[in-house]
Amino acid sequence: MLKVENLRLGFTAGKKTLAAVDGISFSIEKGETFALLGESGCGKSATAQGIMRLLPAAGRILEGNVALEGEPLLSLSEADMRAYRGGRMAMIFQEPATSLNPVLTVGRQIGEVLERHLDLRGDAATERMVDLLRQVGIADPERRLTEYPFQLSGGMKQRVMIAIALAGEPELLIADEPTTALDVTVQDQILDLLAKIQVDRGMGMLLITHDLGVVARMAHRIGVMYAGELVEVASREEFFTQPRHPYTQALFEALPEISRRGLKLTTIPGQVPSLAAMPAGCRFADRCAHVMPVCREVSPPWREVADGHSVRCQWQGSAAEDDGTRHAVTELDIDPGKPFLQVSDLKVHFPIRKGFLQRTVGHVRAVDGVSLAISAGSTLALVGESGCGKTTVGKALLQLIQPTAGSVTLGGSELVGLKGRRLRDARRHMQMIFQDPFASLNPRLRVGEIIAEGMGALGVETDPEARAAAVSALLKQVGLPDDAGDRYPHEFSGGQRQRIAIARALAVQPELLICDEPTSALDVSVQAQILNLLKSLQAELGIAYLFITHNFAVVEYLAHDIAVMYLGRIVEQGRAEEVLRSPRHPYTQALLSAVPVPNLDARADIIRLPGETPSPANPPSGCHFHPRCPKATDVCRQGYPGVTEVSGTHVVRCHLVA
Amino acid sequence: MASATVLLAFILIGLLDSLHYRAQLESKPGQKAVYAVEVLSVLDALAAPLRSRNEKTYSAPFATRLYAKETIDVPGQGTVRDYPRLKHGGKHLGEREDEVAEDAAFTAFKAGVLAFIGWLGVFGAVVTVNRKKCPKLKLREATFAWDAVLLTLLLILVIAVPLFWLSGYYHVFGTDKVGQDVLYQILKSVRTGLIIGLVTTLVMLPMAVLLGIVAGYFRGWVDDVIQYIYTVLNSIPGVLLIAAAVLMMQVVIDTHPQWFSTAAERADLRLLALCFILGITSWTGLCRLLRGETLKLRELEYIQAAQAFGVSSWRIIVRHILPNLMHIVIIALVMDFSGLVLAEAVLSYVGIGVDPTMTSFGTMINNARMELGREPVVWWSLAAAFSAMFILVLAANLFADAVRDAFDPRAA
Amino acid sequence: MLAYIARRLLYALPILIGVNLVTFALFFVVNTPDDMARMQLGVKRVTPEAIEKWKVERGYDKPLLINAEAGGLASVTNTIFFEKSARMFVGDFGRAEDGRDIAREIGNRMLPSLAIALPTFILGLFVTITFALTLAFFRATAFDFWGVVLCVAMMSISGLFYIIGGQYLISKVWRLVPISGFGAGLEAWRFLILPVLIGVVSGIGSGTRWYRTIFLDEITKDYVRTARAKGLPEALILFRHVLRNGMTPILTQSIVAIPTLFMGALVMESFFGIPGLGSYTIDAINAQDFAVVRSMVFIGAVLYIVALLLTDISYTVADPRIRLQ
Ligand SMILES: Nc1ncnc2c1ncn2[C@@H]1O[C@H](COP(=O)(O)OP(=O)(O)OP(=O)(O)O)[C@@H](O)[C@H]1O
Ligand code: SF4
Ligand code: SF4
Ligand SMILES: [Mg+2]
């Protein structure tokens with residue numbers, strides 16, 4: 001139905017035009033989902049935008065053909081193209097929060113499409129809109145039509161986006177990372193919805209994603225992109241059983257998962273070549289484990305390895321043989337009996353001010369009674385969906401946010417309420433690594449200065465020469481070149497920046513590192529590098545980690561203990577095996593089942609949670625989880641469940657277990 | 001980027017102008033010791049012929065005769081009413097008064113050629129220096145836009161040199177009511193405008209930066225107090241506040257005549273005071289802007305990382321916040337500059353600007369405005385003042401644009 | 001929403017008090033009434049008696065803040081601060097040098113001032129937004145480029161030039177409308193049209209450029225991409241989507257521009273001989289009538305705060321997020 005041939009797209013920068021997408025061809029049948037998979041910057045979005053002819057101002061279509069049902073799209077006039085956009089082909093975007101117009105009602109925004117493409121107005125249009133909203137699973141559609149986007153939750157906004165896309169009755173739906181910005185349980189709902197709609201309407205779908213799990217769940221056929229080129233196209237079965245391109249294979253290898261605990265993850269060395277300096281031959285050559293001389297000379301041709309499975313590679317081998325790149329990482333023997341950081345009943349409430357004189361009318365209970373313990377040299381993972389208070393816990397531990405109540409004791413001394421010198425001394429023992437490697441380094445300081453800052457402030461190393469030596473030792477430890485210290489952060493990639501951030505934290509020799517989603521902004525292959533680094537640092541230095549994340553794969557790979565948070569409270573806590581293998585809390589169970597797994601055996605037993613996390617300003621009475629809990633009973637609505645010990649190390653807060 | 005090329009060169013004018021001004025300040029103390037009565041500047045010295053060769057009253061540009069009829073004695077004919085000959089304008093022509101056009105054109109051409117030769121010299125120097133550094137590089141592709149600079153330099157030289165050359169023989173822009181050369185007045189006005197722009201900026205800068213960052217960083221009651229102060233100052237319309245303050249300053253000056261030994265000193269003080277008042281009324285905008293930015297910055301992770309190390313607040317402000325705000329400060333300053341030059345004209349017109357005896361665009365326009373009523377119209381003074389101001393402000397505006405584009409890729 | 005507006009109103013009160021204190025400090029603390037008297041009466045030949053008389057006539061002979069002699073409540077009320085500053089809150093501004101009641105004078109002159117300021121503001125907003133949208137529509141073309149160049153040139157021209165030039169050309173050379181003056185009732189429009197026109201024209205340059213930047217900022221946002229993906233025509237996207245979202249920053253921008261309206265009014269009214277607040281202020285400045293200038297500072301602040309309130313209210317119209325929360 002859709003046929004893309006040799007599409008080339010470029011972005012103009014100054015006088016030059018750099019090709020971001022360099023000659024890709026694929027086709028999509030009716031009723032089929034074609035997934036474009038690739039790391040950030042490989043040109044997935046550009047391809048999608050090119051097909052819709054929606055490239056940003058700097059974008060140019062250089063060459064190629066795009067045909068929908070045989071009609072060439074690229075030669076249409078702009079006015080004719082508009083009849084296609086939103087009509088026969090529609091698109092949904094990654095960020096539901098910014099993709100809707102904030103000052104127009106939902107009804108208006110859907111109505112526009114009806115008016116434009118179906119010439120529907122007035123009551124007929126309203127009827128159709130109510131119908132559409134119902135189809136995308138929005139309750140009370142009549143009321144929602146008159147509401148504005150800010151009155152909807154993230155998942156609902158994405159549903160509205162889907163309704164807008166469906167309004168023009170498209171034959172082709174392009175979804176650009178439709179669930180990346182959403183929580184796991186909500187992602188689950190949206191993926192379900194997309195799959196159902198596609199079957200009902202027999203649409204073709206182009207799904208763009210970087211998540212192998214989402215691919216496994218949704219795609220019929222898959223195209224893998226690397227540096228602006230398509231490198232492998234395969235059916236779902238072939239793709240997951242016999243990936244042929246070395247890049248695809250490496251992507252699978254780099255995934256952290258439970259079976260790889262205690263092993264070093266395979267990483268892809270180096271980085272994606274920049275657009276300005278593309279190698280002449282195979283673009284993956286510099287990073288490929290099977291590189292041959294011929295690879296660097298000619299761009300590899302397409303080779304059909306099985307029916308409907310082609311790959312663009314010179315290498316004829318098939319499966320990745322285990323060539324010993326995975327080394328076992330020595331794990332420390334942890335003595336679980338000796339917690340060295342103890343948090344009890346920690347609370348952080350932010351006041352909500354309202355009315356005339358900004359009186360405090362309530363509190364956002366971001367953290368509402370959290371108790372934790374971390375032993376030396378071990379990793380505690382704090383998992384939960386966005387807004388549950390994970391980051392706030394981390395900051396409150398470091399006293400970056402003043403806790404409202406509770407205590408944090410480090411090696412026996414109380415931190416809450418410490419001031420000045422004493423607090424500074426305590427901070428030597430704990431440091432933090434932040435989520436966004438681009439925001440966490442001051443762009444105007446040299447890397448060396450960034451790393452040395454903490455040493456100066458905490459008086460670790462006062463002699464300038466010793467400090468310089470320490471900095472270069474640290475750079476080496478985190479695997480950065482020696483001259484990195486004299487350069488500025490913008491010269492480094494995301495993964496390298498995260499290494500710098502780690503070096504900065506290590507500079508004061510802390511015993512505990514609080515890692516706030518340190519890999520969520522990174523690609524899988526880079527994530528693997530950072531996880532390996534963290535793991536080997538733990539083995540060498542015996543550092544404990546508080547690992548804040550929403551990514552279960554990382555948790556499975558790394559954590560010794562797990563604490564699951566929901567709305568400011570910990571609902572389940574225990575040894576990693578206990579929580580992952582035999583979760584007892586309904587929320588943990590649902591969360592674990594909703595994570596899309598990157599293999600063929602789709603789980604039949606996904607527990608679907610309705611709705612979304614409520615606001616911590618106004619949590620539901622009784623058990624906070626009861627409005628979404630599939631097993632809720634009357635008791636649950638009345639009181640918050642107490643702590644139940646399942647085993648010596650495994651505790652749960654649920655009436656069901658008690 | 002055709003626009004960017006023009007911009008760069010206008011900076012040059014600005015620089016040149018400010019050089020005048022600085023040279024003048026330096027020379028002031030020394031000269032004052034000798035002649036206490038009249039304060040001169042380097043500019044005055046350079047333009048001495050312009051300053052001293054006054055006519056009696058109005059004369060049009062390039063005129064050889066006055067603009068008003070007078071009773072003159074012509075030897076042999078007794079007294080007649082005629083346009084008398086100028087004392088200075090076109091004196092060298094003697095009797096050949098009708099050859100003004102040819103003579104002026106010829107002189108201009110001579111000077112133009114000279115300017116062009118001078119420019120060729122500069123051009124050659126630039127090319128050779130560049131060749132040495134990187135032999136292959138073509139001038140058009142250099143990172144620094146040499147071609148634009150050179151081109152505009154040519155333009156400036158070709159216009160300015162003949163202008164000054166001619167001004168030795170004629171009143172290029174005519175003379176005003178009391179016979180002063182308009183070109184000279186304009187040069188002086190540029191200096192006034194620049195002082196107002198620069199000194200005001202210097203006054204408001206520390207206040208705005210310090211208070212803005214402190215309010216944004218510490219928040220809480222400090223923020224409330226600072227916000228309150230600038231909201232109050234902001235809610236008094238600027239002109240009125242300035243008017244009130246200037247009026248009060250006038251009272252101080254008038255009731256303490258013993259403080260000033262010369263009229264020029266008084267005018268200077270009034271100018272400085274005006275700058276202060278403008279500074280106090282105009283810091284609020286920048287302060288608000290910086291507060292907002294600091295609020296955003298302080299939530300950034302690198303600031304939190306520094307806090308996690310226990311780096312002291314002041315150190316965080318100096319090391320992390322200030323450098324990341326500098327571009328905003330610079331952009332705002334350059335943008336304000338042109339506004340200040342324009343504001344001076346209006347304020348002086350209203351009577352709350354600089355001392356009436358001081359030459360500035362405002363006072364020039366104010367004086368010249370009356371002359372529009374005459375028949376036939378005396379247009380040159382006004383036209384010259386407006387065009388000079390236009391060029392100055394345009395240069396500043398374009399420069400502001402260039403600065404903004406350089407720091408803020410978004411707003412290109 | 002009502003609470004929002006009420007809070008805004010309440011917030012205005014401390015600000016007015018602040019303004020009042022600032023004017024008080026400026027007029028009575030920086031200079032003593034003695035200084036003012038000396039200035040008014042001529043510095044050289046002034047006798048202490050004359051000064052005393054001048055002060056008594058105007059009520060400046062009282063103590064500044066606390067009147068220790070008068071007991072009870074009068075120790076606070078019988079002072080310069082209370083008589084001259086605090087009473088401005090109830091609209092009592094005292095008398096001008098020529099003996100007229102300032103409050104009444106202000107009341108009389110308010111109408112002509114508004115008759116110029118309001119049309120200038122509204123028409124100016126309309127014209128500049130139209131131009132800015134047009135430029136945004138043709139963005140990245142030669143038309144846009146030269147449009148911006150024209151804007152920069154126009155904003156580099158002194159406002160005085162627009163006034164003098166406009167007056168000269170339209171009134172004197174073409175004789176289309178009277179040069180200056182003001183008529184009563186409906187006849188007034190003939191006198192108003194030129195100042196309003198000039199006011200609008202002089203604001204075009206900076207306004208258009210500002211709003212164009214705002215629109216271009218909006219155009220890069222995700223929701224615009226969504227609108228394009230719906231297949232809507234570009235003009236509709238600009239009008240329905242971009243304009244509505246751009247209104248909030250534009251309104252914010254126009255608050256900042258309000259003080260320049262005052263500046264414009266000052267000059268404009270004196271040029272065109274319109275008996276408004278602006279010319280009143282200029283006359284007072286030239287006559288060194290302290291009482292009038294002081295009152296005008298206060299009134300100016302009040303007007304500014306009222307304008308601020310109106311903007312706040314118009315936010316609620318433009319932005320549902322404020323209206324509904
Ligand atoms: N507006 C732009 N101007 C210049 N270059 C751009 C622009 N947008 C994207 N690019 C470049 O084009 C390439 C492909 O970008 P694209 O957005 O398609 O990547 P992607 O695969 O969707 O990545 P992600 O997973 O991060 O969304 C990148 O190298 C990017 O830097
Ligand atoms: S063509 Fe060569 S370098 Fe490229 S992926 Fe295949 S084996 Fe590796
Ligand atoms: S307490 Fe009740 S509602 Fe809460 S998780 Fe357990 S079963 Fe569900
Ligand atoms: Mg993308």
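Computation of the quantities below employed the complete heavy-atom set of this structure, encompassing side-chain atoms and omitting hydrogens, waters and symmetry-equivalent molecules. Protein chains get the first letters and strands the later ones, always in sequence-line order, with residue 1 at the start of each.
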[X] (side chain) donor-acceptor with [Y] (main chain) under 3.5 angstrom:
{"X": "Y230(B)", "Y": "L211(B)", "value": "no"}
{"X": "R60(A)", "Y": "G10(A)", "value": "no"}
{"X": "E517(A)", "Y": "F547(A)", "value": "no"}

Exercise for the section: Select one option (side chain, backbone, both, neither) describing which atoms of L400(A) are under 4.5 Å from chain B's heavy atoms. Expected result: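 The answer is the side chain of L400(A).
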
Exercise for the section: Give, as side chain, backbone, both or neither, the part of L445(A) having an atom under 4.5 angstrom from any heavy atom of chain B. Expected result: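 L445(A) touches chain B through side-chain heavy atoms alone.
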
Problem - Side-chain heavy-atom pair E449(A), R319(B) within 4.5 angstrom cut-off - result: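 Heavy-atom side-chain distance check passes, below 4.5 Å.
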
Exercise for the section: Find the one option among G310(B), A308(B), S312(B), P323(B) whose heavy-atom pairs under 4.5 Å with chain A are most numerous. Expected result: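 Looking at each option in turn, the highest pair count goes to A308(B).
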
So which residue, [options], ends up with the most heavy-atom pairs under 4.5 Å with chain B?
{"options": "D436(A), L398(A), V508(A)", "result": "D436(A)"}
{"options": "Q399(A), Q435(A), E453(A)", "result": "E453(A)"}
{"options": "R427(A), K395(A), R424(A)", "result": "R427(A)"}
{"options": "M430(A), M455(A), R504(A)", "result": "R504(A)"}
{"options": "N442(A), I450(A), D516(A)", "result": "N442(A)"}

Problem - Nearest heavy atoms of I226(B) and C287(B), plus distance in Å - result: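 In terms of heavy atoms, the two residues are closest at CG2-SG, 4.3 Å.
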
Exercise for the section: May I ask you to check whether W314(B) and F218(B) place their ring centres under 6.0 Å from each other? Expected result: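 Here the rings of W314(B) and F218(B) have centres that are less than 6.0 Å from each other.
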
Practice task
Would you mind checking if R219(B) and E299(B) are paired as a salt bridge, meaning a charged N to carboxylate O distance below 4.0 Å?
Solution key: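 Yes, E299(B) and R219(B) are salt-bridged.
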
Practice task
Select one option (side chain, backbone, both, neither) describing which atoms of R315(B) are under 4.5 Å from chain A's heavy atoms.
Solution key: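 Neither part.
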
